[in-house]
Every structure is written in structure tokens, then in C-alpha cells.
Amino acid sequence: MNKTIFVLSLLCVCVAARAQGHDPDSSDVFYKHLKLNELVVTGLAGDAKMKEMPSPVSVLRPADLSARSGGNIISAISTEPGVSEITTGGGISKPVIRGMGYNRVVVVSDGIRQEGQQWGDEHGIEVDGSGVHSVEILKGPASLMYGSDALAGILIFHPEPVRAPGEWGGSVSASYQTNSGQINYSLSADGNIKGWILGGRFSDKYAHAYRNSLNGPVANSGFRERAASVMLGRNGSWGYSRLRFSYFHLTPGMIEGEGENYGYAPALPFQQVRHYKVVSDNTFHLGPGSLKFILGWQRNRRQEFEESAGEPGLDFRLNTIHYDLRYQCPFGKGWKAAFGLAGMGQLSDNLGEEYLIPEYTLFDAGLFATATKSLDEWTFSGGIRADLRWLRSKALEGRFEPFSRRFPGISASLGVTCQLTPNFIFKANVARGFRAPNLAELGSNGEHEGTFRFELGNKDLKPEYSLQGDIGLDFSSRYVSVQSALFVSRIDNYIFAARNGAVSDEGLPVYAFRSGLAHLVGGEIAIDIHPVHQLHLSSAFSCVYAREKGGDDLPLIPAPRLFSEIKWEITHGGKIFNNAFVSVNLDWNLAQNHFYAAGGTETATPSYLLLGAAAGTDVVIRGKTRLSLYIIGSNLTDRAYMPHLSRLKYIGIGSIGRNLSFKIIVPW
């Protein structure tokens, strides 16, 4: 695996070097990679240019998201290098970055971290994909920015940008997917009246059972998703203040490999997942910098219905308060700094008759300071953060013993980027990350419905500490763009669930949480060759090799992956059809023969190749885009396959078969 990464990195550098003779004319602004490097993304000390970020960053813009299909927003971005998904059928996905998921990935939505009991396997991220305008993917330890849990990286979902004063608008969108009959529509409207900001969105999505050539229709795999949001705000010379309200409701069936329900309405067993969120986002201009204050409240309620559709067996309720106060300012020559206080408080209740984890309270706080310095072709960045998390669980007679823990953590990073030549950018970063164990890892004692296992927590678990080094080399020219990154990570006290050989009273295998010293190494390489302006030949390869010191390969590590695409951009600036394109892609997932075999926890996964295609265009009438049309095909050969990170693999259920998605977006 290490040799593979090295050879591919060397290949990318060689290709880039051969292309260096094709230096771009400085007046040509259409080079895709150069434009990407000028994008403003989330940096340590405030917004930063993408090319100045020492860690790898990917950006998905609105046009990128519109040309993709999937049952949810995580599925839509999972083809990005270094990103994968843990799936449960067609509607539930959890993000994985560089082989790490669950509480090792922080998802930021509406300016705050999404807290929805993400330790659970059988539900996804409670975010309305129709309301996501663009996505930032930050790879590598980001505990310095968001505290505990950001060992693998961050997904940042950005909402629609605020309109200019006097502007009103919105959109109506609808899509249909042939395999699961998925129907999705979304309505939005927003405007700016002399600095007063108003906006709202309503989305609805539902699907019946999906099909594949291995199982036919998969019983009880249908789902229903509904979301709504409202935003009120005020812009002024002093800064801005915005208040966002959102509601998300998902009703998925729980797939157990049996039953005869193939319709839109899930049958027993099924879930009800509701997520409420209120966020106050404020920025005030003070002196040379700005003071940012965010206060958010979230309530996540997850219910599982097994015996009766009216009485839940399992009923979790989680309330979270999030706060973030920071001051960002430039100073000196080329310096930018940020410092502040951020954290959250949580209260979890068990309202049902079944229990997996104890009720608990949590509070954490983090003090941080970061800085960046630009010096000619060099940009230096770094910082330090101190976190402290308090956790107290409650007793339940005959099931849970009360306990309390305190988890201190120190995070730090130091990075550098250098514009070696007009074509080459070198990046390097060293970061220490921190993650406190969650309640499921510490206190589980029961059947984890939908995961086909009985889980036992470990109250003696210690926090995870990672030390990771990243190194990257980017190249841009008229005809070739290359982005390459390698990383090596050591994680002390890496926590995972392993099968211990016992069987519960219900006949389920018992999984116990344990920890060890883990080593991860991997990387991503993306190449875009455009011999003419309209033609793009792109390939992206990513892989992770993860092993416990003196032990086995780690569980839930994605297989190496090569995603290649040929895209022809037919028109730009057309009078009737604009931004028209056609594309064909191959998604090659290599065999995963490095798996956690102890106790039969995992098995090997064979390789598979998926064929996809897409086409789309904007329709222009009287000089304005009146609608956008897309047709997106996936698994066109109807290949039967089971991804290594599919939770249904171990009950013999394959992933979705051939699927065509038809999408229309009408702006106004």
C-alpha cells in the first residue's frame, strides 16, 4: 500500500513536470484549478484562500452538487477523494474521511457543529441536502478549530448566500429516481429589503424499496424525509446578525433481510428521527477586526418502533447548547490572528422502555489562539487549543451504574504553504488532535437495534490523541492540474468495537469497546487533464492503510478507490443552452483484503466497478437562466455489489442497482 501511494505520487509529479512547458497566459481566467485555488475557504484565523491552506481542502460548488444524485447529501459527496460513506440502504449514510467516521468527523451546518447522536449506526446526518449551497471538506485533524471529535476532518455545509439589497428570488426544484421511485421537491424564497434579510425553504422526499440484481426489491428500505427552515437577519455597516430556525424529520424503515413491505410507507420496525435547531449567528466590526458570536440550540429525538407503530421501544432525546465567541483581526505586516472560547453542553434522556446507553449530562469548553503569516511566497499558520470535557452518566437499576469522567485535551498545529513556482504549490502540516470517548463507547449495555449486535461499553477508556503529518504538492497549468497529498497518523487509545465471541440472550453476537495504538497512512491524488478548454479527463485515487500496533488491521477502513471521468463541456455563454455538458465515469473500488478479522468482526470485500453517466444544461430565455435540467445515471450495468462499509453486507443485502435520476431546477 505504501509503495502504491509513493508510485502514484511520483507519477503525478512527472505528469505535472512534463506539462510545465504549457505555461498559462496570465490573462486566461478559465483555468479550473487556478480558479479553485482562489476560492475563499474556512481557515484557522478566519477566511483564507484555498491555496494558502496547509491541509488538503476540497470544495463542491452549486453546479457540482446539482450534477450529482444520491439518497442524501453524504452520498452525493462521497466520490470526493478521501471521502467515503457508511451506508444502510439507499437513504442513510454517515461520512468517513480518510478511514475515520462517527465521532471522528465534525459536520458543521448553519455555523455550528451538528449534534445528532452520531455514534449510532442506523441513522444519518440530519441535514436537508436541498438547502446546501456548497460544501467544504477539510481533511486532517481539526481539533484546533472545533475541539473534540474532529480527528479525521470537517464537513462544512454552507447555506445560500445572502442577496444584495433590493433583490428577491428563490427556486423550485424536483427530482425523480427510477430505482427506488424517490421523489424529492424543494421550494425556497429569500430577499433583502434595505438590509433586512428574509428567507425560507420547504423540502419533501420519499422513496419506496430499492432494488438490485442480487436481492430484487429490499424489504422495508423505503423512507420519508421532510425539512423546513426560516432565516431572519439584519445587515449593516456594523456587521450582521442572523437567526435561523430549522426542522428535519426522517422516517426510515429498518432493514432486517426479511419481510414483504416494498412500498413508500415503512413497516415495523422503523424509526422516527426529528431534529430541531435554532442558531443566532452574529458578527460585529470592532477596530481592525471582527467579533463573532454564535449561539445555537439543537434537539435530536430518535425513536425506534418494533412491536407497535404507536409506542416506541427505544426513545432517545438529546438537547445541545453550542457557543462560540472569537475575535479575528489582522495585525502587523501580513499577520492575521484569532482567539476565543467555544464549547457545548448536552443533556440526554431515555424516554422509552428499552435502553442502550445511560442518560447523561455533558459540558465542555475550549480556549484557543491561532495565527497566520504571509511572507512573499510563504504562508505560515498554526495555533494551540486547550479543551476540558465533563461527563456524568445517570444510574438505572439493574442496567447502568453511575459514573463521571473528566477529559482534558491539548490540540495544536503548525503548517506552511509555499508557491515554489507559478505552477507548483508545496504544502506541509503537523497537527495534534483530541477526541473524548462518547457515551456509547463508555456506557453501552444492550442490543443496538438495526446493527445486529449487542454492545458493551468500557468505562475505563481514555481520550484519543492523534499526531498527524500531511504533505502535499499541487500543480496547475493550461492543460494539466494535479493535487496530491500524503498523510501519516498515529492515534493513541484508538477506540473501536470488536466481537468478543460471546452471544447475548437474544442470540446476537456481543461487541465490546476496546482501544489500542493505531497507525494510519494514506493519501489522495487527483489529476485533471484538459487538452482543450471544453474537455476534461480526470481521475482521483485515494487509499488508507490502518493497523493496530502489534495487532490486526482496523475495522471500517474503506477500500482503495479510483474514480475517473470524461466530461465534455458543450457550451459556455450560449444564447439558449448554457453550461451544457455530458460525462461518463468509472468508479473502481479495489478489493479490501485488510480487514479486522478477529472474532469474525469483518470479512474481505471483493473489488467492483460501477459505470455512471450524466448530462445537463441551463435553459436561457431573454438573457436569463430560466431552468436547469439534469439526467444522472449510476450503476448502469446493474452490478451486484456490497461496499466494505455497507452495514447490510453481513446480512447478505447488496447496494442499489441501476438508477436514473431526472432533476429540474427553476430559479426565479
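Just so it is clear, the values below take in all heavy atoms, side chains as well, and ignore hydrogens, waters and symmetry mates.
- S203 and R226 form no side-chain donor-acceptor contact under 3.5 Å, judged by distance and modelled atom types alone.
- Counting only heavy atoms from C-beta outward, the side chains of Y210 and F223 never approach each other to under 4.5 Å.
- Taking the ring axis of Y494 as reference, the NZ or CZ atom of R104 stays within 45° of it and closer than 6.0 Å to the ring centre.
- Side-chain contact check for E136 and H158: at least one donor-acceptor pair (N or O, by modelled atom type) lies under 3.5 Å.
- Partners of Y596 by ring pair (Phe, Tyr, Trp, His ring centres under 6.0 Å), not counting sequence neighbours, listed by chain and number: F496.
- Under 3.5 Å, the side chains of H123 and Q117 contain no donor-acceptor pair of N or O atoms.
- Note on residues 637-668: pairs passing ring-ring contact (aromatic ring centres under 6.0 Å, His included), not counting sequence neighbours, are Y608-Y641.
- Judged purely by distance below 3.5 Å, without hydrogens or angles, the side chains of S564 and S539 pair a donor atom with an acceptor atom.
- Scored by the ring pair (Phe, Tyr, Trp, His ring centres under 6.0 Å) test, Y146 finds no partners at all (sequence neighbours excluded).
- Side-chain N/O atoms of S171 and S188 include a donor and acceptor closer than 3.5 Å.
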Before giving the answer on side-chain hydrogen bond (donor to acceptor under 3.5 Å, both in side chains), spell out for E126 and H249 the whole-Å C-alpha distance, their side-chain angles and the decisive distance to 0.1 Å.
CA-CA 8 Å; E126 302 87 354; H249 183 192; over 6 Å; no

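- The shortest distance between side-chain heavy atoms of Y102 and I495 does not fall below 4.5 Å.
- Between the side chains of H208 and Q182, no donor-acceptor pair of N or O atoms lies under 3.5 Å.
- With 3.5 Å as the limit, one finds no donor-acceptor pair spanning the side chains of E122 and T88.
- With sequence neighbours left out, L214 forms a side chain to side chain contact (heavy atoms under 4.5 Å, CB included) with N212, A640, M642.
- For the residue pair T87 / E85, no side-chain donor-acceptor distance below 3.5 Å is found, with atom types taken as modelled.
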Set out, in order, the CA-CA distance, both residues' side-chain angles and the distance that settles salt bridge (charged side-chain N to carboxylate O under 4.0 Å, His left out) for K277 and D110, then state yes or no.
CA-CA 9 Å; K277 189 188 322 183; D110 293 327; 3.5 Å; yes

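- Every residue two or more places apart in sequence or in another chain that forms a ring pair (Phe, Tyr, Trp, His ring centres under 6.0 Å) with Y247 is listed here: Y276.
- Between R561 and D587, at least one side-chain N (NZ, or NE/NH1/NH2) sits under 4.0 Å from a carboxylate O, which counts as a salt bridge.
- Residues S628 and K663 bring no donor and acceptor atom of their side chains to less than 3.5 Å of each other.
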Test salt bridge (charged side-chain N to carboxylate O under 4.0 Å, His left out) on R299 and E115 and set out the steps.
CA-CA 8 Å; R299 168 173 287 180; E115 287 295 320; over 6 Å; no

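- Considering only residues two or more places apart in sequence or on other chains, F595 meets the ring pair (Phe, Tyr, Trp, His ring centres under 6.0 Å) condition with none of them.
- For R302 and F316, the positive end is not near the middle of the six-membered ring at less than 6.0 Å and at most 45° from its axis.
- Side chains of D618 and T625: no donor on one and acceptor on the other come within 3.5 Å.
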